[in-house]
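Beneath this line is the structure, given in structure tokens, with notes to follow.
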Amino acid sequence: MATGTIRRKKTATKTRTPKMTFCWGASKTEGNATQKQLLGGKGANLAEMTSIGLPVPPGFTIPITMCETYYSEGGRMPSGLEDATVKAIRQVEKETGKIFGSETNPLLVSVRSGAAVSMPGMMDTVLNLGLTDEAVQGMIALTGNERFAWDAYRRLINMFGDVVMGMEHGVFEHEFSSVKKKYGVVLDTELSATGLKEVCLRYKKVYRRHVGAEFPQDPHKQLLHAVEAVFKSWNTHRAKTYRKIEGIIGLRGTAVNVQAMVFGNMGKDSGTGVAFTRNPSTGEDKFWGEFLIDAQGEDVVAGIRTPKPVSKMSGWNDKIFRELIAIKKKLEKHYRDMQDIEFTIERGKLWMLQTRSGKRTAASAVTIAVDLVKSRLITKDEALLRIPAADLVQLLLPSFTTKSKRGVVQLAKGLAASPGAATGALAFSAADAVARAEAGEDVLLVRKETSPEDIDGMRHAVGILTSTGGSTSHAAVVARGWGKCCVAGASALHINATRRTVIIDGRTYGENDIFSIDGGTGEVMLGEVQRHEPKPSTAFLTVMKWADQRRRMNVRTNADSPEDAKRARLFGAEGIGLTRTEHMFFEGDRILAMRRMILAETKEKRENALARLMPYQRDDFVGIFTAMKDLPVTVRLLDPPLHEFLPHDHVGQKEVADAMGIKIGVVKRRVEQLHEFNPMLGHRGCRLAVTYPEILVMQVTAIVQAMIMCKRKRINARPEIMIPLVGTFEELAQLRTLTLSTIARVTAKERYTGKFNIPIGTMIEIPRAAIVANQIATVADFFSFGTNDLTQLTYGYSRDDINTFLPQYLEDGILVRDPFQTIDADGVGKLICMGCEGGRSVNPKLKIGICGEHGGDPISIEFCNTVGLNYVSCSPFRVPTARLAAAQAEIRKQ
Ligand code: ADP
Ligand code: MG
Ligand code: MG
């Protein structure tokens, strides 16, 4: 019986029309913070703030589902939405005691977008909506301030024209200037009420001319147009670009928030501000932000006027300042995280307009996470999950040394908007920055201020420098999110973007000049300044310790030199997962010996040449084993095809011939012999060792001798030999035998009697190897998934040529992510699973790891953890990322 009732109820809900508005206010609040997927982040948090008793102007949210419906119905407003908004407005009227469009007591609203994930600056807000020729009279009656009312009206017509109707901003600007001229004033604020009234009249005229209709005098019409504009803004180019760059996928649209206006521009006792409950750069527990007196809306963020720091606020209004500090505490306790807030003060009364979890640098994320654990607001596991693992790379980024700064010409000082140190030539437009960066140049993007259109250029630049705007300007917020160095508001810079010059102190600098900017201090310096490696903070070390306690997988590094090995060890690497040997052959005299070996016509000559190479290799290994003493070092035997070591141009070939005292014809012939149509699938990897066993013998000899030399110096060297590109059991069986006999011969010859164990394993990078892993594992001590080649061969994509089609594939959604950056769990991942199962079925103790780009990618690391790998190996700078990601993966598993 009971079940039957419930079932009947469910069907009933299904057929009912979906809820089209969710209101918040003193008498009733329908949403909460958990509903971001439905109400968007902004809407959900406005409701939540209202519920916990914070002063929030009332309003309502049109849920994301309506935006979805708008698109699924081919860009038509969902039926019923108009009635629902009229009803919801009535509720706001009740809450505020004001009437939409009233001649005596008008309600004005803002129309704000808000997706589930915050997309700062991506979609525009319309303020003062509801003003009409009649309502403006109402505003005058209500406020007794004629100037203010006309100013609000002209702002609305302008914004509505811009944002909703897509008019050029310039046409309004033009009218405004000409009225100012007529009245003989320079500043906007000097224009009288009469002047502003005239501006409104002119604005309505240009509006009519451009739109082909009157500026709507029905506030409900205005509202519907604005709601539709928000829906439309979801799919604008800049919104899409932002989502692409940020890797935001799977969102269904934006919500629309309609909220009663409060005014920060009603005089000296009013203002507006943006703040973080803690310092977003350093994480310091200090209220941090900026405010502007007598200002409305986005004036702070837009960087038009330079705001004051909130630390100066008590001098202006101590009561408000203290109220904000109390709200900071309440919000942090409630959300258990640092918040980014927007607020407005209308005639001495504080209103909250937004809260969300604040974007922060990696340094700040680490500090805040540790502090919140200390104050018992979150657990260690929560703290670990809150730090974006990939961002830890930022903490290892270089900064300028104090010493190297001495004697450098200081050009200007701006705000330390986003930490880091960057040196580059000046680019004055986003397009230039992109083009020059793609050509390989390090450029600084130098702009008066940035806007979402500049995103691509900002991304490509090594650093961002602006002349106006504060620490919460667009440039600063975006740069911090990326961990890119940014100096904002360096007001000494006079930038002329068209001429591509900047004048500082009367001196002109152009595109070819090099500046260095310090995002930690705000300094702008001439020329290149030396940088140094960062020192990890105590909070960072604490987080790493917690991560190490939590993770199951080991983290190794890919390193080909003692320097890289040392650095990686400092970052916490627990061994080397991949040492490539080929690069060792390119240095100095070695390349000559290598070429002699390749050009040799007989085995004997080849062995002679190899004998000359051996000591070099051995000494390299001694260096690496020493740097990694006590920890495993996986050495991969020669992998690339031999022709990569020979020059392909005439001049180069002549040089080789001369150096070796042979004819150039011999070199040319050999190059031709070695030519392959498909080198990636050609004579490389273990195939080289099968056809030229003496190469393997030389390399194994070098490894074993190096190990013995270390051991005799009481350095515990732990080499592991890895044979690449194996596809069949027979390949590995044969090469394993040869490796073992070589080890035996070298130890006998060296009369080495100490204990040692050199595991011999293979890379699994050919799909067939994964499929027959149960056979291969009988002759392997370990597997390491070489996911670069494995991805390449599984998809049949050439990694080196993928850019001819990858961008389009990503655009069209054929691929969601670049499979060379993040493991393709469905395909390549299945092969990895197969490899693990097959391998362990015959060799339960088989050690399995991964090397290649994926080893440092958090999503791929989570995958590795799930399928039970023993370790991941990544580049040195990624090691802390991998340690944290491995811990996060383990936490999420439970
Ligand atoms: P964004 O997502 O770009 O931050 P918002 O919707 O937060 O856009 O709006 C931008 C600014 O407009 C806010 O920071 C606030 O200053 C102002 N604003 C929005 N709604 C109101 C309102 N109801 N009253 C006063 N100002 C508002
Ligand atoms: Mg906006
Ligand atoms: Mg906002």
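Order of listing sets the numbers, starting from 1, for every ligand and every atom in it. The structure presented is a predicted model; accordingly, all values stated were derived computationally and were not measured.
T272 contributes no side-chain N or O that, together with a main-chain N or O of G264, makes up a donor-acceptor pair within less than 3.5 Å. Using a distance-only test at 3.5 Å, with no hydrogens or angles considered, a donor-acceptor pair links the side chain of S418 to the main chain of K484.
Under the 6.0 Å distance and 45° angle rule, R243 counts as a cation-pi partner of W234.
When heavy-atom distances to ligand 1 are checked against a 4.0 Å cut-off, L353 comes that close only through its side chain, counted from C-beta outward. Both the backbone and the side chain of Q259 come within 4.0 Å of ligand 1, judged by heavy-atom distances. At a heavy-atom distance under 4.0 Å, only side-chain atoms of K42, from C-beta outward, approach ligand 1. Looking at N257 against ligand 1, nothing comes within 4.0 Å, counting heavy atoms. The residue S113 has no part lying near ligand 1, judged by heavy-atom distances below 4.0 Å.
Ring pair Y203/F176 is tilted by interplanar angle, where 30° to 60° counts as tilted.
F321 and W316 have their aromatic ring centers separated by at least 6.0 angstrom. For F148 and F263, the gap between ring centers is short of 6.0 Å.
Below 4.0 Å from some heavy atom of Q354 lie the following atoms of ligand 1, by number and element: 4 (O), 7 (O). The A260 neighbourhood of ligand 1 comprises atoms 22 (C), 23 (N), with distances under 4.0 Å to a heavy atom of that residue.
Taking 2.8 Å as the threshold, T125 does not count as a candidate ligand of the Mg ion (ligand 3), since none of its N, O or S atoms lies below it.
Closest non-hydrogen pair, F231 versus T254, comes out as CE2-O, 4.3 Å.
In terms of polar-atom proximity, defined here as any N/O pair under 3.5 Å, T344 makes no such contact with ligand 1.
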